[in-house]
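I have placed the structure first, in the form of structure tokens, so that the comments after it can refer back to it.
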Amino acid sequence: MKIAQFASVGQPDQVIECIDADDLGYPKENEVLIDILAFPINPADVLILEGKYGVEYKLPSRLGAESVGKVNKIGKNVRGFNVGDIVLPLDRENWVQQKMVLASNLILLPKNIDPLQSSMMKVNPATAYLMIKKYVKLNKNDWIIQDAANSGVGHSIISIAKELGLNTVNIVRREGLEKSLKNIGADVVVIDNNDLSKTVKNLTNNANIKLAIDAVGGDQVLRIGDCLEDEATILNYGLLSGKNIQISSHQTVFKRLLLTGFWLMPWLQNMDKKEIIEMYSYLSSLIEKNIIHVPVEKTYPIEDIKKAVAHAAKYGRNGKIIVTPNGENFTS
């Protein structure tokens, strides 16, 4: 079988390789062998290849936080899964054609769910869901403000917020995105500017905003902080600017803003399995209803992983880059 791995860090499309590996045997008692139908290339994957992510990897290493697969073989003690089932692996190292997974690390998905959309479900929709639900008590018609609104997480925040009856202010860095974001439920779309607070107050009729979600860092957080009500929360989950977060003493002392970070991995490690299943059941229902739908710009075979990674690292894409390691014949 073919896998994607890297033996050094550097320019992402140069260090990633598609190589041949031994085929996997029959699963052990509690294991399931799955064929990977699709996996996305996320910003975190690019950072890992560059050596800029917050976790060290023993090289050579496989990578890939998420995928969707189809059950191929089942260990003799496994219950609740059948050959042909569509499943979401909760573990890592998903840039492969096949993988062996403990049954306890699999989530059963609806049989007819879109493989491309569900391959992106583990990280971005779950990140959006937990950031909206777990940090600030939000009531119907409350407002959220976010930057990087055209990202995968950004799309999920818009869709989930709309489903929950919440309003969103969505900051972008270039023109031409307003129509597509409003089509999926964005209430306000604004290009970042030096008078962001004034712009947002005008567009929201002076709404009190108590949750901000930031993926950019740098001085973007300063401008967002000025849009918030006193004692609001800023959740940071990325540093797309490559710069550390800036926040003023006035914002921390007099507005009493709370700045904290979000990382999905410890959430999934600490949530009980029942809550995880319920969360992904909810998110898969939104995908089935087309409420969560992230644009896909292009798909690649695993043999073209270098091209796929190079494409994913480009700025200004209009959709996700997905790899389909076993082809795109998704029928059972």
Side-chain angles (χ1 to χ4, degrees), residues 1-24 31-69 87-102 105-107 115-116 118-127 151-153 215 237-240 242 262-269 294 296-314 317 319-326:
M1 70 166 183
K2 296 187 183 300
I3 66 169
Q5 75 170 29
F6 64 112
S8 62
V9 296
Q11 184 175 324
D13 60 310
Q14 295 299 315
V15 298
I16 193 68
E17 301 283 350
C18 177
I19 67 170
D20 290 315
D22 292 338
D23 289 339
L24 302 176
E31 291 181 334
V32 178
L33 177 65
I34 65 172
D35 299 324
I36 300 299
L37 298 178
F39 63 78
I41 299 175
N42 292 326
D45 299 314
V46 174
L47 289 174
I48 290 167
L49 293 170
E50 292 174 334
K52 297 177 180 178
Y53 199 62
V55 176
E56 290 188 12
Y57 286 77
K58 184 178 179 180
L59 301 177
S61 181
R62 304 178 189 184
L63 76 169
E66 58 185 341
S67 68
V68 68
V87 290
L88 180 78
L90 294 178
D91 52 11
R92 304 180 72 83
E93 299 188 356
N94 289 291
W95 290 16
V96 295
Q97 285 187 310
Q98 283 191 325
K99 64 180 296 183
M100 205 74 76
V101 187
L102 288 171
N105 282 340
L106 289 175
I107 301 292
L116 298 184
S118 57
S119 76
M120 300 180 277
M121 183 170 65
K122 176 189 168 187
V123 173
N124 290 343
T127 293
S151 67
V153 173
Y237 70 98
L239 287 177
L240 292 175
F262 177 89
W263 188 21
L264 179 63
M265 185 183 296
W267 273 98
L268 293 180
Q269 290 172 340
V294 177
V296 175
E297 183 159 294
K298 190 169 182 180
T299 62
Y300 289 87
I302 197 169
E303 293 84 354
D304 288 342
I305 191 66
K306 287 181 175 292
K307 293 180 181 178
V309 166
H311 194 165
K314 288 181 180 177
R317 287 182 289 103
K320 205 75 171 178
I321 304 305
I322 307 285
V323 176
T324 54
N326 288 291

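Since we're looking at a predicted model, the values are computed, not measured.
Partners of F6 by ring-ring contact (aromatic ring centres under 6.0 Å, His included), not counting sequence neighbours: none found. Residues passing the side chain to side chain contact (heavy atoms under 4.5 Å, CB included) test with A44, sequence neighbours excluded: Y53. For I321, the side chain to side chain contact (heavy atoms under 4.5 Å, CB included) partners two or more places apart in sequence, or in a different chain, are I41, E297, K298, Y300, A308, H311, A312, R317. Every residue two or more places apart in sequence or in another chain that forms a side chain to side chain contact (heavy atoms under 4.5 Å, CB included) with P43 is listed here: K320.
With a 4.5 Å cut-off on side-chain heavy atoms, L63 and I16 count as touching. The closest side-chain heavy-atom distance from W95 to V323 is not below 4.5 Å. Here the side chains of Q98 and L33 are in contact, with some heavy-atom distance below 4.5 Å. Taking the side chain as every heavy atom from C-beta outward, I34 and V87 approach each other to under 4.5 Å.
A salt bridge (Lys or Arg N to Asp or Glu O under 4.0 Å) check over residues 5-22, counting only residues at least two apart or in different chains, returns the pairs K2-D20, E17-K306. Sorted by first and then second residue, the pairs that involve residues 88-102 and meet salt bridge (Lys or Arg N to Asp or Glu O under 4.0 Å), not counting sequence neighbours, are D91-K99.
In terms of modelled atom types and a separation under 3.5 Å, the side chain of N326 and the main chain of Q97 share a donor-acceptor contact. D45 places a side-chain N or O within donor-acceptor distance of the main-chain N or O of N42, the cut-off being under 3.5 Å. A distance-only check finds a donor-acceptor pair linking the side chain of E66 to the backbone of V123 [under 3.5 Å].
We find the OH-CD1 distance between Y57 and I48 to be 3.5 Å, quoted to the nearest 0.5 Å. Here OG of S119 is found 9.0 Å from CG of L37. Values are rounded to the nearest 0.5 Å. To the nearest 0.5 angstrom, S61 atom OG is 9.5 Å from L49 atom CG.
With L106 as reference, V32 is the one residue of L90, L88, V32 to meet the side-chain contact (heavy atoms from CB on, under 4.5 Å) rule.
Between A38 and P115, the closest heavy-atom pair is CB-O, 4.1 Å. Here the closest non-hydrogen pair linking I302 and A4 is CD1-N, 4.1 Å. Scanning both residues, Q5 and P60, for their nearest heavy atoms gives NE2-CB, 3.6 Å. Shortest non-hydrogen contact noted between V68 and S118 is CG2-OG, 3.5 Å. The two residues P325 and I36 have their closest heavy-atom pair at CG-O, 3.3 Å. Nearest approach of P40 to M120, heavy atoms of both residues: CB-CG, 3.8 Å.
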Please test V294 against N124 for side-chain contact (heavy atoms from CB on, under 4.5 Å), starting from the C-alpha separation and ending with a verdict. CA-CA 10 Å; V294 177; N124 290 343; over 6 Å; no
